[in-house]
Amino acid sequence: MKNDVDQLVEWGVWANLDKKTDLELILLKGHLLLEFILDIRLEKSNILDYKEYSFYRKILNLKKIDFEDNEKKDYIIFSLQSINKIRNKLVHELHFDIGNGELEIWSTNVLEKFKGEKFTKYTFRTKIVHSFSILSKNILELN
């Protein structure tokens, strides 16, 4: 049953982002969805004061949790830190160019490292959308 729920969440993240065409909006909404998924993961690990944490601090708390697959956890943390840096550039740098390749590199790395469903044919945009959904599922699968 747990795997079914994780797959449903994966699809939900994908469906939430799939209709978006603006890469900046996909990045912002995807980041927000990842934060929601992080909240679920932290709560399942009995870290209950997470609501007061920044995205970065949530990542640091995830890092402290012991999971069976520490290699997977480490790459999830790396992926979360990377997308957070890109998101911070978007919201704090006036001349940030979303098409500079960073988001594409991030999504390619996520798709290569993690398993997940492919709901549509990959294009530049849908690869990014799928990366958010696949990363979400993999965060929830940590145990």
Side-chain angles (χ1 to χ4, degrees), residues 1-94 96-120 122 124-143:
M1 180 67 170
K2 177 185 171 207
N3 195 19
D4 292 341
V5 172
D6 294 345
Q7 288 176 333
L8 184 60
V9 169
E10 178 185 14
W11 178 85
V13 170
W14 171 82
N16 226 294
L17 296 174
D18 186 53
K19 300 284 187 253
K20 311 291 186 265
T21 57
D22 184 292
L23 290 180
E24 290 178 349
L25 183 58
I26 292 169
L27 173 57
L28 293 173
K29 295 282 276 185
H31 187 276
L32 185 60
L33 289 164
L34 287 174
E35 185 164 12
F36 177 75
I37 298 300
L38 267 174
D39 289 351
I40 293 169
R41 179 70 265 163
L42 292 174
E43 190 169 314
K44 284 182 179 181
S45 299
N46 295 318
I47 297 175
L48 303 178
D49 54 349
Y50 63 86
K51 291 181 183 179
E52 305 301 319
Y53 296 172
S54 66
F55 189 86
Y56 179 74
R57 189 166 172 203
K58 290 175 185 181
I59 296 170
L60 292 179
N61 275 270
L62 181 67
K63 196 176 204 177
K64 294 176 188 176
I65 301 168
D66 214 13
F67 293 106
E68 289 175 13
D69 189 344
N70 282 318
E71 184 179 333
K72 181 177 182 177
K73 177 186 86 169
D74 290 345
Y75 203 79
I76 285 172
I77 289 166
F78 172 77
S79 300
L80 290 169
Q81 289 172 329
S82 298
I83 199 63
N84 196 45
K85 286 178 187 172
I86 297 169
R87 180 257 182 211
N88 285 344
K89 287 179 184 180
L90 174 65
V91 299
H92 296 294
E93 294 180 15
L94 182 61
F96 176 72
D97 176 13
I98 192 75
N100 69 4
E102 287 181 76
L103 191 56
E104 182 178 17
I105 291 167
W106 174 81
S107 68
T108 299
N109 290 336
V110 168
L111 292 174
E112 286 175 358
K113 190 68 177 177
F114 300 111
K115 293 180 180 167
E117 289 295 318
K118 182 177 175 182
F119 298 107
T120 58
Y122 282 162
F124 176 76
R125 184 191 63 81
T126 62
K127 279 177 58 177
I128 294 165
V129 169
H130 277 91
S131 298
F132 281 106
S133 65
I134 288 170
L135 183 56
S136 296
K137 175 181 175 244
N138 281 272
I139 291 168
L140 292 176
E141 286 179 344
L142 285 172
N143 55 18

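Contact of the Phe55 side chain with the Leu34 side chain is registered, since non-hydrogen atoms from C-beta on lie closer than 4.5 Å. A heavy-atom distance below 4.5 Å is not found between the side chains of Ile37 and Leu135. Taking 4.5 Å as the limit, some side-chain heavy atom of Arg41 sits within range of a side-chain heavy atom of Phe67.
Between Tyr122 and His130, the ring-plane angle classifies as perpendicular under the 30° and 60° cut-offs.
Here Leu62 contributes atom CG and Leu80 contributes atom CG; the two are 7.0 Å apart, rounded to the nearest 0.5 Å. Taking CD1 from Ile139 and CG from Leu38, the interatomic distance works out to 5.0 Å, rounded to the nearest 0.5 Å. Summarising the geometry, atom CG belonging to Leu25 is positioned 8.0 Å from atom CG belonging to Leu17; distances are rounded to the nearest 0.5 Å. The structure places OG of Ser45 at 9.5 Å from CG of Asn143, a figure rounded to the nearest 0.5 Å. Leu42 CG to Lys51 NZ: the interatomic distance, rounded to the nearest 0.5 Å, is 12.0 Å. Distance CZ/Arg87 to CG/Leu27: 8.0 Å, rounded to 0.5 Å.
What you find for Ile134 and Gly116 is that their closest heavy atoms are CG1-CA, 3.7 Å. The two residues Phe96 and Asn100 come nearest to each other via the heavy atoms CE1-ND2, 3.5 Å. Annotation for Ser131 and Leu111: closest pair OG-CG, 3.5 Å, computed over non-hydrogen atoms.
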Walk me through whether Phe132 and Ile26 qualify under side-chain contact (heavy atoms from CB on, under 4.5 Å). CA-CA 9 Å; Phe132 281 106; Ile26 292 169; 4.2 Å; yes

Run Tyr53 and Asn61 through side-chain contact (heavy atoms from CB on, under 4.5 Å) and show every step you take. CA-CA 9 Å; Tyr53 296 172; Asn61 275 270; 3.3 Å; yes

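The neighbour count for Phe119 CZ, taken as heavy atoms of other residues, nucleotides or ligands under 6.0 Å away, is above 12. Counting heavy-atom neighbours within 6.0 Å of Phe124 CZ, excluding the residue itself, gives a total above 12.
Identified under the side chain to side chain donor-acceptor pair (under 3.5 Å) test for residues 16-39, with sequence neighbours left out: His31-Asn84, Glu35-Lys58, Asp39-Lys58.
Side chain of Trp106 to main chain of Ser79: a donor-acceptor pair is present (N/O by atom type, distance under 3.5 Å, no hydrogens or angles). A donor-acceptor contact shorter than 3.5 Å links the side chain of Glu10 to the backbone of Glu117.
A salt bridge does not link Lys85 with Glu102: none of the charged nitrogens is closer than 4.0 Å to a carboxylate oxygen.
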Side-chain donor-acceptor pairs of residues 70-77 under 3.5 Å, sequence neighbours excluded:
unit_1 : atom_1 : unit_2 : atom_2 : d
Lys72  : NZ     : Asn138 : OD1    : 3.1
Lys72  : NZ     : Glu141 : OE1    : 3.3
Lys73  : NZ     : Lys63  : O      : 2.8
Lys73  : NZ     : Ile65  : O      : 2.8

